Chemist: 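Submitted below is the structure of interest, expressed as structure tokens.
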Amino acid sequence: MQKVNVFDTTLRDGEQSAGVNLNTVEKVEIAKQLEKFGVDIMEAGFPASSKGDFEAVEKIAKTIRNSSVTGLARAYKQDIDAAWDALKHSAEPRIHIFLATSPIHMQYKLRKTPDEVAAIAVEAVKYAKQKFPLVQWSAEDATRSDKDLLVRIITEVINAGANVINLPDTVGYTTPKEYGAMYDYIREHVPNIDKVILSAHCHDDLGMATANTLSAIEHGVLQVEGTINGIGERAGNVALEEVAVALHIRQDYYNKKTRLKLDEIKRTSQLVSKLTGMVVPGNKAVVGANAFAHESGIHQDGVLKEASTYEIITPELVGFSSNRLVLGKHSGRHAFKERAAALGFDLGQEKLNEAFKAFKALTDKKKEVTDDDLFAILAEKQTDAADAAHYELESVQVQYGTLNIPTATVRIKTPEGTLVEEAGTGSGSVEAIYHTITKLFDGPIELKDYKLQSVGSGQDALADAFVKVKCGEFECGGRGSAQDVLEASAKSFLNAINRAHAMEQQSRKQVQV
């Protein structure tokens, strides 16, 4: 079987999802999991876009050794230089250059003629090739571009040194038949096409990203680009786990394979969901909570007699375990450490101790502790950046009644170790908590988004809260986990404020430098 390369852009295109704002620690943690998952290439970010993105790409490039790390760049020398500076220490330096080729983009965005666009593309690839051994060139909005112009530019950029040609469906416009036909046309009319790998990059605006990507594979594409859980701008990108499992389950049809470790799918999906705050829908293919649930009596009867009657994918294939009860209140530190390692976490002693303490506190309140509970605790500790832990929640109390005004009392510990306390009201319990915390800080703090989900099921399930907060000019996401939804909400709000303060301090340092 032919191998299809997997190009993961969760950390670049995925992070462009509305409301997602990952810090460097979180990006590195996701990158390490993507490496464990087995992606061939990971797009770590857009180095020229900001100092923060540059530092994250550089850190990932220095950390990852078993996947090729790449960065996005416009067809400008300064973008290419920034990408090289960030990626030069990677195991396999690679750059991804893009330039729009559709009439609407050339006219309204670039304000360039087709001849000018072709010249810019060739010059950019030639310049990048002087630095990078591997250069990928993308024709942005390829599916709405003139095919003969694509043939011309692709031919020229290959001669200039491009190694990979990507023809993205940037706005999710095309259909499987059209997308496949475009690749056939390019393969038939570009004389030097045999010198490069063709790549597909599909968005899901019309709900056809997976179908379009699989169609591209049928028509000779040997690299697919997408994200975990299908996150991304607007309706998102193709979900890589869907493509990988489709190729595996239907080997008889596609005769293609990836090097992805499919049993890492659940953990990868879970980590991305937790750190981005983007909840995976229950009916999501492959990784949704209901993907292996059977409600119908007829279905249940069939599955009990023979699983393949209604399950074409086994839960174990993608990393789901039927036995979720792993530890209890009598479990010791050694057992906890072993289970943390089995779940893929490698915490230092200090953070492991903090996680164990949180686990013990949970066992006093929750009879059955599952892998999902442990994952929530461990992920929170492993991605807790030292520079973000400024203010700590000491306590939160809420007085609520249907006939009374909700009132919250919050106590926090400052970076100096001082305890400060404030009380406030709101139209609901969560609003009262947020109003109260806001009173403890100077300057405007605006809540932009709030999400709450349970970790696992049952009345004693952990709660995961995610918020997006604007503090002055800085907008940050924050997360918090607790068995009580109000405590989780308070933690997430304070976590976002901590991050905003860290960004503000970093900004001041840059100005001073």
Side-chain angles (χ1 to χ4, degrees), residues 17-21 26 273-282 289 358 361-362 365-366 372-373 376-377 379-380 383-384 388-414 419-472 474-502:
S17 305
V20 174
N21 189 348
E26 292 165 339
S273 175
K274 181 171 181 62
L275 297 188
T276 61
M278 298 195 72
V279 180
V280 177
L362 180 61
K365 304 174 183 177
K366 195 173 192 286
D372 289 340
D373 297 324
I377 293 171
E380 186 169 306
T383 58
D384 183 19
H390 291 163
Y391 297 89
E392 297 179 19
L393 180 69
E394 283 287 311
S395 66
V396 57
Q397 292 183 330
V398 178
Q399 290 182 321
Y400 173 80
T402 55
L403 301 179
N404 300 320
I405 298 175
T407 303
T409 303
V410 177
R411 180 185 297 168
I412 65 172
K413 182 187 289 185
T414 69
L419 293 177
V420 292
E421 187 173 283
E422 187 61 82
T425 61
S427 57
S429 299
V430 173
E431 187 180 51
I433 291 171
Y434 289 172
H435 282 175
T436 304
I437 293 177
T438 300
K439 291 167 69 174
L440 290 165
F441 295 92
D442 295 328
I445 301 176
E446 180 184 0
L447 179 65
K448 306 287 287 186
D449 192 19
Y450 170 77
K451 298 173 185 175
L452 187 67
Q453 64 173 330
S454 66
V455 178
S457 59
Q459 64 183 21
D460 59 354
L462 278 177
D464 251 351
F466 179 85
V467 299
K468 187 176 180 183
V469 169
K470 185 173 184 181
C471 297
F474 299 100
E475 197 167 276
C476 293
R479 301 186 315 276
S481 297
Q483 195 171 26
D484 183 85
V485 295
L486 298 182
E487 182 184 351
S489 300
K491 284 183 175 180
S492 65
F493 195 62
L494 195 57
N495 180 248
I497 294 172
N498 279 331
R499 293 183 182 212
H501 284 183

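Model, not experiment: these values are computed from the prediction. All residue numbers refer to positions in the sequence shown, counting from 1.
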Chemist: Quick one, K491 and L393 - any side-chain contact, counting heavy atoms below 4.5 Å?
Modeler: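 Yes; the side chains approach each other to less than 4.5 Å.
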Chemist: Between atom CD1 of I445 and atom NE2 of H435, what is the distance when rounded to the nearest 0.5 Å?
Modeler: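 With rounding to 0.5 Å, CD1 (I445) is 11.5 Å from NE2 (H435).
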Chemist: Any side-chain heavy-atom pair from L419 and E421 closer than 4.5 angstrom?
Modeler: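 With C-beta onward as the side chain, the pair stays apart.
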Chemist: Grab the two heavy atoms, one from T436 and one from A408, that are nearest each other, plus how far apart they are.
Modeler: OG1-O, 3.4 Å
Chemist: Rounded to the nearest 0.5 Å, what separation is found between the CG atom of L362 and the CD1 atom of I377?
Modeler: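 CD1 of I377 is found 5.0 Å from CG of L362.
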Chemist: Find out whether T409 and V396 are in side-chain contact, i.e. whether some heavy atom of one side chain is under 4.5 Å from a heavy atom of the other.
Modeler: no
Chemist: In Å and rounded to the nearest 0.5 Å, what is the CG to CD1 distance from N498 to I412?
Modeler: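 Nearest 0.5 Å value for the CG-CD1 distance: 8.5 Å.
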Chemist: Ignoring hydrogens, what is the shortest heavy-atom contact between L486 and S429? Give both atom names and the distance.
Modeler: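 Heavy atoms only, the tightest pair is CD2-CB, 3.8 Å.
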Chemist: Applying ring-ring contact (aromatic ring centres under 6.0 Å, His included), name anything that partners F466, two or more places apart in sequence or on another chain.
Modeler: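 Partners of F466 by the ring-ring contact (aromatic ring centres under 6.0 Å, His included) criterion come out as none, since no residue qualifies.
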Chemist: Flag the pair E394 and R411 as a salt bridge only when some basic side-chain nitrogen lies within less than 4.0 angstrom of an acidic carboxylate oxygen.
Modeler: no
Chemist: Nearest 0.5 Å, what's the CG-CD1 distance between L403 and I405?
Modeler: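 Reported to 0.5 Å precision, the distance equals 11.5 Å.
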Chemist: Closer than 4.0 angstrom, basic N to acidic O: yes or no for E475 and K470?
Modeler: no
Chemist: Taking 4.0 angstrom as the limit, do E26 and R499 come out as a salt bridge?
Modeler: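 The answer is yes: the pair qualifies as a salt bridge.
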Chemist: Tell me the closest heavy-atom pair linking A496 and C476, and the distance in Å.
Modeler: O-CB, 3.8 Å
Chemist: Check whether S273 reaches the backbone of M278 with its side chain - one donor and one acceptor, N or O, closer than 3.5 Å.
Modeler: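 Yes.
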Chemist: Strictly by modelled atom types, are Y450 and S489 linked by a side-chain donor-acceptor pair under 3.5 Å?
Modeler: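 Distance-only check passes for Y450 and S489.
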Chemist: Provide the closest heavy-atom pair for E380 versus K274 in the form atom of the first, atom of the second, distance.
Modeler: N-CE, 4.1 Å
Chemist: Would you name the heavy atoms of T414 and Y391 that are closest together and state the gap between them?
Modeler: CA-CD2, 3.8 Å
Chemist: Which distance, rounded to the nearest 0.5 Å, do you find between the CD1 of I433 and the OG1 of T407?
Modeler: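 Output value for this atom pair is 11.5 Å.
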Chemist: Looking only at heavy atoms, what is the nearest atom pair of T383 and R479, with distance?
Modeler: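 Closest pair (atom of T383, atom of R479, distance): OG1-NH2, 2.9 Å.
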Chemist: Could you go through S492 and L494, starting from their C-alpha distance and side-chain angles, then the distance that decides it, and tell me whether this counts as side-chain contact (heavy atoms from CB on, under 4.5 Å)?
Modeler: CA-CA 5 Å; S492 65; L494 195 57; over 6 Å; no
Chemist: Any chance the rings of H501 and F474 have centres within less than 6.0 Å?
Modeler: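 No, too far apart.
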Chemist: Is the backbone of A423 close enough, under 3.5 Å, to the side chain of K439 for a donor and an acceptor to pair up by distance?
Modeler: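 Yes; at least one donor-acceptor contact below 3.5 Å.
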Chemist: Please test Q453 against D464 for side-chain contact (heavy atoms from CB on, under 4.5 Å), starting from the C-alpha separation and ending with a verdict.
Modeler: CA-CA 5 Å; Q453 64 173 330; D464 251 351; 3.9 Å; yes
Chemist: Supply the atom-to-atom distance F493 CZ to I497 CD1, rounded to the nearest 0.5 angstrom.
Modeler: 4.5 Å
